[in-house]
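What follows is a single structure, written as structure tokens, with notes after it.
It should be emphasised that the depicted structure is a prediction, and the values quoted were computed from it without experimental measurement. Lettering follows sequence order; numbering is per chain, from 1.
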Number of protein chains: 2
Amino acid sequence: MAVDPDADERGSTETEIMEATYRALCKHGYSGLSISRIADEFEKSKSSLYYHYDSKDDLLVAFLTFAVDRFEASVATERSDDPMADLEGVIERLLPLRPTDEQRQIQALLVDLRSQAVTDERFRERFADIDERLVTTLTEVIERGIERGTFNEVDATRVAEHVLAVLNGAMVARATTDREAAVAAARVSLSSYLDTVLRR
Amino acid sequence: MAVDPDADERGSTETEIMEATYRALCKHGYSGLSISRIADEFEKSKSSLYYHYDSKDDLLVAFLTFAVDRFEASVATERSDDPMADLEGVIERLLPLRPTDEQRQIQALLVDLRSQAVTDERFRERFADIDERLVTTLTEVIERGIERGTFNEVDATRVAEHVLAVLNGAMVARATTDREAAVAAARVSLSSYLDTVLRR
DNA sequence: GTCTATAGAAAGATAGAC
DNA sequence: GTCTATCTTTCTATAGAC
């Protein structure tokens, strides 16, 4: 997507269509999404969607890329000289304690999109890729901590998978229930777990 | 559902419809589910569905109850005199190391159904209820361990929420990616976490 | 590139015979 | 209770003018 310099341009028709799709998904969910409903969120006409995308399927695949790119950009991690702070930084970005309405919306949308991976191989590959990248990021931070001697010599990948599972589980809980206290409890417990297991 | 003695009867038309809906959901996912596709999995005709249920929506609400009841029955926990074994028992039922194809299907279906909770209040309440019950079960087991003096005096609810988040996160990963090793890693890490935190 | 109009298929739902 | 036939609405997608 970032290959074409115009692709990310604000106001390009393709971007407007992606934004309209985003709004339609938030309102109706994936199972209630239709071309007409996307057009309802779009300034131009329904048939103009078909000028830019060959089919609904084609549009949805493009949206998947769009949404995944945005998500990964929003989680992008800067490394500091404090691995524990880096870890907490990733956790806060993936599961903010006080999410804005927009953060809530994005995560709800991702949970909804992700469920399509149950029956659609293309979605499956994308979300496997996301998880793989996140585990890689987490593993690298943990290994840096081990190298610097501030962390215990744990199995970094195993701990990273544990952290990711907690984050994904809490993210799903937040998007699909009103058990906000559960999210807080999971986050607190996760921090104390990392403190116990990593800090020497 | 268990109020009416005939409701659970094998071979009752309502049960056949629920089974047909189950198969249609496995094949097409929630977003691809239609009355015609349910009828395709059903011995009788499409219009007979409307004799038993007023609308697609009505049928789906009934199916939600059916599926949740089956899930909760499959997770039902017997208590022993070994709290750690009870805990591992719940974990193994919710996230089996070697799931059968049927267990895989049920969990994939639950992940798919759950995503409807993002935009449908009725689904939201159901899944909040499921999580609440599971946390209660886990909390009780942990508190029993504390009372017996075999567990440390931890915040039982907090640990229970942590465990549930790992289980839900790994369940979603299993249903939406092919990262089976991630599930194994999360389970191993979860066990060692419980051992570290609980065992005195 | 965007529009209006519409084709053609599939959706949810009902009528009326048996 | 179940059937076939059919209605209406909604859906995806295209034709053709501008």
Side-chain angles (χ1 to χ4, degrees), chain A residues 4-64 66 112-113 116 119-120 122-123, chain B residues 1 4-64 66 112-113 115-116 119-120 122-123:
Chain A
D4 176 357
D6 292 331
D8 282 342
E9 195 181 9
R10 292 269 152 192
S12 82
T13 302
E14 277 82 1
T15 304
E16 279 168 22
I17 292 173
M18 294 295 99
E19 305 276 8
T21 305
Y22 178 87
R23 289 190 294 275
L25 268 172
C26 288
K27 276 193 191 168
H28 310 289
Y30 190 94
S31 67
L33 189 68
S34 72
I35 290 286
S36 295
R37 281 173 166 172
I38 294 171
D40 288 343
E41 303 295 326
F42 182 46
E43 284 185 318
K44 296 165 187 171
S45 77
K46 184 171 75 170
S47 73
S48 77
L49 294 173
Y50 284 100
Y51 176 82
H52 297 279
Y53 300 97
D54 289 342
S55 64
K56 181 187 179 183
D57 198 70
D58 190 38
L59 192 158
L60 256 32
V61 168
F63 181 78
L64 181 59
F66 172 84
D112 192 4
L113 270 192
Q116 296 311 305
T119 44
D120 188 322
R122 295 165 305 181
F123 282 63
Chain B
M1 205 112 188
D4 176 357
D6 293 332
D8 281 343
E9 196 181 9
R10 292 269 152 193
S12 84
T13 303
E14 276 83 0
T15 303
E16 278 168 24
I17 292 173
M18 295 296 99
E19 306 276 8
T21 304
Y22 178 88
R23 288 190 295 274
L25 267 171
C26 287
K27 275 193 192 169
H28 310 290
Y30 190 93
S31 67
L33 189 67
S34 72
I35 290 286
S36 295
R37 282 173 165 171
I38 294 171
D40 288 344
E41 303 295 327
F42 182 46
E43 284 185 318
K44 297 166 186 172
S45 77
K46 184 171 76 169
S47 73
S48 77
L49 294 174
Y50 285 99
Y51 176 81
H52 296 279
Y53 300 97
D54 289 343
S55 65
K56 182 187 179 184
D57 198 69
D58 190 38
L59 191 158
L60 256 33
V61 167
F63 180 78
L64 181 59
F66 172 83
D112 192 4
L113 269 193
S115 74
Q116 295 311 305
T119 43
D120 188 323
R122 294 164 305 181
F123 282 64

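- Residue contacts for A:S34: at a heavy-atom cut-off of 4.0 Å it reaches the sugar-phosphate backbone alone, with no base atom in range.
- Residue A:K56 places its side chain closer to D:dA13 than to any other of C:dA13, C:dA11, D:dA13.
- Base contact: B:S45 has a heavy atom under 4.0 Å from a base atom.
- Residue B:Y30 contributes atom OH, which lies 15 Å from atom P of C:dA11 at whole-angstrom precision.
- Atom CD1 in B:I17 sits about 11 Å away from atom C1' in D:dG1, given to the nearest Å.
- In this structure, A:H52 atom NE2 and D:dA13 atom C1' are separated by 16 Å, rounded to whole Å.
- OP1 or OP2 of C:dA13 has at least one side-chain nitrogen or oxygen of B:Y50 nearer than 4.0 Å.
- Side-chain contact between B:E41 and B:Y22: absent, with no pair of heavy atoms (C-beta onward) separated by less than 4.5 Å.
- As a whole-Å value, the separation of A:L49 CG from D:dT12 P is 10 Å.
- Atom-to-atom, CG of A:L60 to P of D:dC11 comes out at 14 Å; the value is rounded to the nearest Å.
- Looking at heavy atoms from C-beta onward, A:Y50 lies out of side-chain contact with A:D58 at the 4.5 angstrom threshold.
- A donor-acceptor pair is defined here as one N or O able to donate and one able to accept, closer than 3.5 Å; such a pair exists between the side chain of A:D112 and the backbone of A:Y30.
- As rounded to whole Å, 12 Å separates atom C1' of C:dA11 from atom CG of B:L33.
- Of all the heavy atoms in A:H52 and A:T13, the pair that sits closest is NE2-CG2, 3.2 Å.
- Taking atom CD of residue B:E43 and atom C1' of nucleotide D:dG1, one finds them 14 Å apart after rounding to whole Å.
- Picking from C:dT2, C:dA13, D:dT12 the nucleotide with the shortest atom distance to the side chain of A:T13 gives C:dT2.
- Atom CD of residue A:E19 and atom CD of residue A:E43 lie 11.5 Å apart, to the nearest 0.5 angstrom.
- Considering only the side chain of B:S48, D:dC3 comes nearest among C:dA13, D:dG1, D:dC3.
- Distance NZ (B:K44) to C1' (D:dT4): 17 Å, rounded to an integer number of Å.
- The side chain of B:K46 sits closest to C:dA13 out of D:dT12, C:dA13, D:dT2.
- The base of D:dC3 is paired with the side chain of B:S47 by a donor and an acceptor separated by under 3.5 Å.
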